[in-house]
Amino acid sequence: MMRFALSYCRSSRRAVVRACVVLLALWACAGLGQAQADTGPFAGLTGRWSGTGIIRQQGGKTERIRCNANYRPLGSTQHDVNVQLSCSSDSYHFDLSSEFHADESNRISGRWSERTRNTGGTGIGYVRGNRIQIHIETAAFAATVHMVTRGSRQSVTIDSQGGGEIANVTLTLHRH
């Protein structure tokens with residue numbers, strides 16, 4: 001009886017160890033799959049963000065602005081992203097929607113539209129590490145957007161050319 005119990009305990013232990021090894025292997029494979037899915041240039045953006053900043057108009061007037069952003073990956077590679085950005089101040093509002101793709105060299109291209117002004121256009125740029133730069137334009141307006149993402153904090157600067165309303169926007173967003 002004692003020999004049976006010891007043999008049973010050893011085989012149980014081996015079964016438990018084997019089960020743990022299998023579970024660890026499955027967990028590691030799942031983790032690797034997630035890591036591979038998260039390696040695209042937009043991987044650090046996914047989720048809801050909000051924050052505040054300053055609008056500097058061409059005449060020198062400044063105003064505080066509040067923004068909400070939502071970054072959603074399109075597909076599983078983190079090379080395509082949908083961005084919804086809505087910002088408001090006391091006298092200004094914009095509601096931006098865009099989709100961008102980054103190729104294997106991290107060059108960005110895409111389209112955007114702004115609902116409150118019924119306008120839209122194209123964007124091109126690049127990703128380098130945690131920095132994204134995109135030049136967006138229409139026939140009457142152009143702007144360069146610089147984004148730096150570190151963990152759950154994102155700094156955004158928008159420098160516009162043309163359009164007459166705004167010269168510069170700086171924002172600090174935090175992920176929820």
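Source: prediction; values computed, not measured. One is the number of the first residue; the rest follow in order along the sequence.
The closest donor-acceptor contact from the side chain of H93 to the backbone of C87 lies under 3.5 Å. A side-chain donor-acceptor contact under 3.5 Å links E114 to the backbone of R117. Proximity of a side-chain donor or acceptor of R175 to a complementary backbone N or O of T46 within less than 3.5 Å is detected. Between the side chain of W112 and the backbone N or O of E99, no donor-acceptor pair lies under 3.5 Å.
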Practice task
Might you work through the side chain to side chain donor-acceptor pair (under 3.5 Å) test for E137 and H135, ending with a clear yes or no?
Solution key: CA-CA 7 Å; E137 61 182 61; H135 180 77; 2.9 Å; yes
Evaluation steps, side chain to side chain donor-acceptor pair (under 3.5 Å), between S50 and H176: CA-CA 8 Å; S50 64; H176 297 274; 2.6 Å; yes
Note to self: Using side chain to side chain contact (heavy atoms under 4.5 Å, CB included), reason through Q154 and L45 one step at a time and then give a plain yes or no.
What the structure shows: CA-CA 9 Å; Q154 186 176 79; L45 301 180; 3.2 Å; yes
Practice item. Tell me, with the steps shown, if F100 and D80 meet side chain to side chain contact (heavy atoms under 4.5 Å, CB included). Key: CA-CA 6 Å; F100 288 98; D80 298 284; over 6 Å; no
* Are N130 and R150 close enough, and set up right, to give a side chain to side chain contact (heavy atoms under 4.5 Å, CB included), and what steps lead you there? -> CA-CA 7 Å; N130 64 348; R150 290 187 177 102; 3.5 Å; yes
| said: side chain to side chain contact (heavy atoms under 4.5 Å, CB included), that's the test. Do T157 and V169 meet it? Break it down for me. | reply: CA-CA 6 Å; T157 304; V169 177; over 6 Å; no
Criterion side chain to side chain donor-acceptor pair (under 3.5 Å) on E63 and Y92, from CA distance to verdict
CA-CA 9 Å; E63 215 175 312; Y92 190 78; over 6 Å; no
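The two residues T138 and G120 have their closest heavy-atom pair at CG2-O, 2.7 Å. Minimum heavy-atom separation, V127 to G129: CG1-O, 3.7 Å. The shortest heavy-atom contact between L173 and G51 is CD2-N, 3.5 Å. The two residues H174 and T172 make their nearest non-hydrogen contact at NE2-CG2, 3.8 Å. Heavy-atom minimum distance, I158 versus A143: CG2-CB, 4.0 Å. The heavy-atom pair separating S86 from D95 by the smallest distance is CB-OD1, 3.9 Å.
Here the straight-line distance linking atom OG of S97 with atom CG of L85 works out to 10.0 Å at 0.5 Å rounding. Note that CD1 of I132 and CD1 of I108 are 5.0 Å apart. Values are rounded to the nearest 0.5 Å. The structure places CZ of F42 at 10.0 Å from OH of Y71, a figure rounded to the nearest 0.5 Å. Taking CG from L96 and CD from Q84, the interatomic distance works out to 8.0 Å, rounded to the nearest 0.5 Å. Rounded to the nearest 0.5 Å, atoms CG (D159) and CZ (R56) are 10.0 Å apart. Rounding to the nearest 0.5 Å places OG of S89 at 4.0 Å from CD1 of I55.
Under a hydrophobic clustering in which Ile, Leu, Val, Met, Phe, Trp and Tyr are joined whenever their side-chain heavy atoms come within less than 4.5 Å, directly or via other members, L171 and V83 fall into the same cluster.
Using a 4.5 Å cut-off on side-chain heavy atoms (C-beta onward), Q133 and T144 make contact.
By the 6.0 Å contact criterion, CD1 on I54 is enclosed, its count of non-hydrogen atoms from other residues, nucleotides or ligands being greater than 12. Heavy atoms of other residues, nucleotides or ligands lying less than 6.0 angstrom from CZ of R153 number 12 at most.
Between H79 and H101, the angle of the ring planes lies from 30° to 60°, which puts this pair in the tilted group.
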